[in-house]
Amino acid sequence: MTYECITTRTEGDKVAIITLNRPKALNALNDQLMDELGAALKGFDADPAIGCIVLTGSEKAFAAGADITAMAKFTFADAYKGDFITRNWETIRNIRKPVIAAVSGFALGGGCELAMMCDFIIAADNAKFGQPEIKLGIIPGAGGTQRLPRAVGKSKAMDMALTGRMMDATEAERAGLVSRVVPLDKLQEETLGAALQICAFSQVAVMAAKESVNRAFEGTLADGIVFERRLFHALFATADQKEGMDAFVNKRPAEFQHR
Ligand code: HXC
């Protein structure tokens, strides 16, 4: 499939890199881009050679939000009947391999929400996060009012959603929205390093860890603990657990077979 709004490539045949690519509109997220992103994510998730996916944008913008020109004339009926957002924005939630957001520049509105849908965010020092929808007479619509408070707490999430102000990378790291901040010229290298590290581990264990951490956001603590324990027990049925522990005991590097 050829894409117009994204580009894709692989590194070391293991890491898939998807780059949002509508530079003239600061990677504003329109239907075509989200359809292409969904197709690329699904393709890489199904590719057995791929162990980790990186989602990134340009130096100036990860994504400046949903495409305002496309939304400007929407009626309620257009948004509701067309299932605006859910239709082609939720694919990323069903991707089972890790997805890392490498964010430089603006991650605003739907762009911030898209970054938060990834498993973790590595930010360049020029990154700016925000939910400025309030300035347009709307509110975040792709999980921003739910994921932002879970990431940064109620007070800061309310501040962001009600004033529309931006948060810089330092504040975002302090608040827990991003996992690391790196110099802009090191963003790709640092993200690729993290992705390759993940690829070297047991893929079954990686997928189980992702599934279990996500469970922390969807149910009670008691349910999450049981869920984690079941997966933990199940991993003792894998060849990779035998390899990982044998390698440790015999003081040699592990060579996981991903099964
Ligand atoms: C469509 C956009 C856009 C967007 C920028 N552009 N953001 N087009 N939708 N979200 C376009 C501009 O119109 C302009 O096009 C070009 O990109 C460059 O932008 P400038 O404004 O000239 O750049 P700059 O002065 O550097 O300002 C950057 C900016 C600003 C601060 C990021 O562009 C901005 O405030 N953008 C809107 C951010 C926003 O409100 N996002 C939330 C959208 S609502 P031309 O043709 O003039 O060169 C949303 C709802 C989510 O996301 C709901 C669920 C998905």
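Note that these values count all heavy atoms, side chains included, but never hydrogens, waters or copies made by symmetry. Both counts, for ligands and for their atoms, begin at 1 and track the order of listing.
- The contact set between ligand 1 and Ile85, taken as ligand atoms under 4.0 Å from a residue heavy atom, comprises 54 (C), 55 (C).
- Checking only distances, Lys60 does come within under 3.5 Å of ligand 1, N or O to N or O.
- Among Gly111, Ala72, Ala66, Ala79, the residue whose heavy atom lies nearest to atom 52 (O) of ligand 1 is Ala66.
- At a heavy-atom cutoff of 4.0 Å, ligand 1 is contacted by both the backbone and the side chain of Ala142.
- The contact set between ligand 1 and Glu113, taken as ligand atoms under 4.0 Å from a residue heavy atom, comprises 51 (C), 53 (C), 54 (C), 55 (C).
- At the shortest separation from atom 30 (C) of ligand 1 among protein heavy atoms lies Leu26 CD1, 4.7 Å.
- In this structure, the side chains of Glu211 and Arg215 stay at 4.5 Å or more apart for every pair of heavy atoms.
- The protein does not reach atom 22 (O) of ligand 1 closely, with no heavy atom under 4.0 angstrom from it.
- At least one heavy atom of Trp89 lies less than 4.0 angstrom from ligand 1.
- Interface of Ala25 with ligand 1, defined as ligand atoms under 4.0 Å from a residue heavy atom, comprises 2 (C), 5 (C), 6 (N), 11 (C), 17 (O).
- Looking only at side-chain heavy atoms (C-beta outward), Ile85 and Met34 stay at 4.5 Å or farther from each other.
- Using a 4.0 Å cut-off to heavy atoms of Glu133, the atoms of ligand 1 that qualify are 44 (S), 49 (C), 50 (C), 51 (C), 52 (O).
- Close approach of ligand 1 to Gly65 is summarised as follows: ligand atoms under 4.0 Å from at least one heavy atom of the residue are 52 (O).
- In terms of protein heavy atoms, atom 53 (C) of ligand 1 is closest to Gly141 N, 3.6 Å.
- Criterion: ILVMFWY side-chain heavy atoms under 4.5 Å apart, direct or through other members. Under it, Met160 and Ile121 are part of a common hydrophobic cluster.
- Distance alone, capped at 3.5 Å, is enough to place a donor-acceptor pair between the Arg22 side chain and the Ala28 backbone.
- For the pair Leu196 and Val15, the minimum side-chain heavy-atom distance is below 4.5 Å.
- For the residue pair Gly51 and Pro98, the shortest heavy atom distance occurs at O-CD, 3.6 Å.
- Atom 33 (O) of ligand 1 is approached by the protein to below 4.0 angstrom, counting heavy atoms only.
- Scanning the protein for heavy atoms near atom 16 (C) of ligand 1, the closest one is Lys24 O, 3.3 Å.
- Counting the atoms of ligand 1 from 1 in the order shown, those under 4.0 Å from a heavy atom of Met71 are 44 (S).
- The option with the heavy atom closest to atom 39 (C) of ligand 1, from among Ala61, Gly109, Ala64, is Ala64.
- Pairs passing the side-chain hydrogen bond (donor to acceptor under 3.5 Å, both in side chains) check and including a residue from residues 10-21, sequence neighbours excluded, read Arg9-Glu11.
- For atom 19 (O) of ligand 1, a protein non-hydrogen atom is found at a distance below 4.0 Å.
- Annotation for ligand 1: atoms under 4.0 Å from non-hydrogen atoms of Pro132 are 39 (C), 40 (O), 41 (N), 42 (C).
- A side-chain hydrogen bond (donor to acceptor under 3.5 Å, both in side chains) check over residues 112-128, counting only residues at least two apart or in different chains, returns the pairs Asp119-Lys210.
- Less than 4.0 angstrom separates atom 10 (N) of ligand 1 from at least one non-hydrogen atom of the protein.
- Near Leu136, meaning under 4.0 Å from one of its heavy atoms, ligand 1 places the atoms 40 (O), 43 (C), 44 (S).
- The protein does not reach atom 46 (O) of ligand 1 closely, with no heavy atom under 4.0 angstrom from it.
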